[in-house]
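First the structure, in the form of structure tokens, and then the observations on it.
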Amino acid sequence: MWLDAKQVKVRERGRVMSKALVVAYAVHESGVREVIGLDIGEVESGAFWVEFLRSLRSASCSKRLRRT
């Protein structure tokens with residue numbers, strides 16, 4: 001799994017603001033990349049990353065439960 005972040009400009013309530021776009025992706029054995037998580041936040045802080053990773057783990061657990 002790889003994690004990356006980028007500062008992007010977004011329009012919110014008629015104003016242009018800078019926000020953090022974070023993405024998590026994995027590469028299959030065949031070499032195909034798959035985005036497994038995407039989020040946007042006010043800033044790229046440690047707390048934001050922790051919450052993002054927890055949401056990935058939570059989503060992964062719920063997918064496994066639905067398969068069984």
Side-chain angles (χ1 to χ4, degrees):
M1 179 172 68
W2 283 267
L3 302 170
D4 199 6
K6 179 179 181 177
Q7 292 296 316
V8 294
K9 301 286 185 185
V10 297
R11 185 174 306 276
E12 187 175 283
R13 296 185 201 127
R15 294 180 34 209
V16 176
M17 305 172 71
S18 182
K19 296 213 177 189
L21 173 69
V22 295
V23 62
Y25 65 95
V27 179
H28 293 274
E29 290 177 0
S30 63
V32 175
R33 280 189 256 174
E34 178 182 0
V35 173
I36 55 177
L38 184 69
D39 201 358
I40 194 161
E42 298 298 320
V43 293
E44 186 187 352
S45 66
F48 181 70
W49 276 110
V50 168
E51 186 60 34
F52 177 64
L53 292 171
R54 284 184 178 150
S55 71
L56 290 178
R57 183 177 60 189
S58 169
S60 174
C61 290
S62 66
K63 280 183 184 177
R64 276 189 245 137
L65 290 174
R66 279 186 259 147
R67 287 186 194 156
T68 58

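Values in this document were obtained by computation on a predicted structure and should not be read as measured data. In this chain, numbering begins with 1 at the start of the sequence shown.
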Please tell me whether [X] and [Y] are part of a single hydrophobic cluster in this structure, the criterion being side-chain heavy atoms less than 4.5 Å apart.
X: Val23; Y: Phe48; answer: no
X: Leu38; Y: Val22; answer: no
X: Leu53; Y: Val35; answer: no

Ignoring hydrogens, what is the shortest heavy-atom contact between Ala24 and Leu3? Give both atom names and the distance.
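The pair with the smallest heavy-atom distance is CB-CD2, 3.5 Å.
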*Listed partners of Glu51 passing side chain to side chain contact (heavy atoms under 4.5 Å, CB included), at least two apart*: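 Applying side chain to side chain contact (heavy atoms under 4.5 Å, CB included) to Glu51 gives none.
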Here the salt bridge (charged side-chain N to carboxylate O under 4.0 Å, His left out) pairs for residues 10-33, sequence neighbours left out, are Glu12-Lys19, Lys19-Glu42
Review point. For the residue pair Phe52 and Trp49, does the interplanar ring angle fall in the parallel (under 30°), tilted (30 to 60°) or perpendicular (over 60°) class?
Key: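 Rings of Phe52 and Trp49: perpendicular, as their planes differ by over 60°.
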A side-chain contact here means heavy atoms from C-beta on lying under 4.5 Å apart; do Asp4 and Leu21 qualify? no
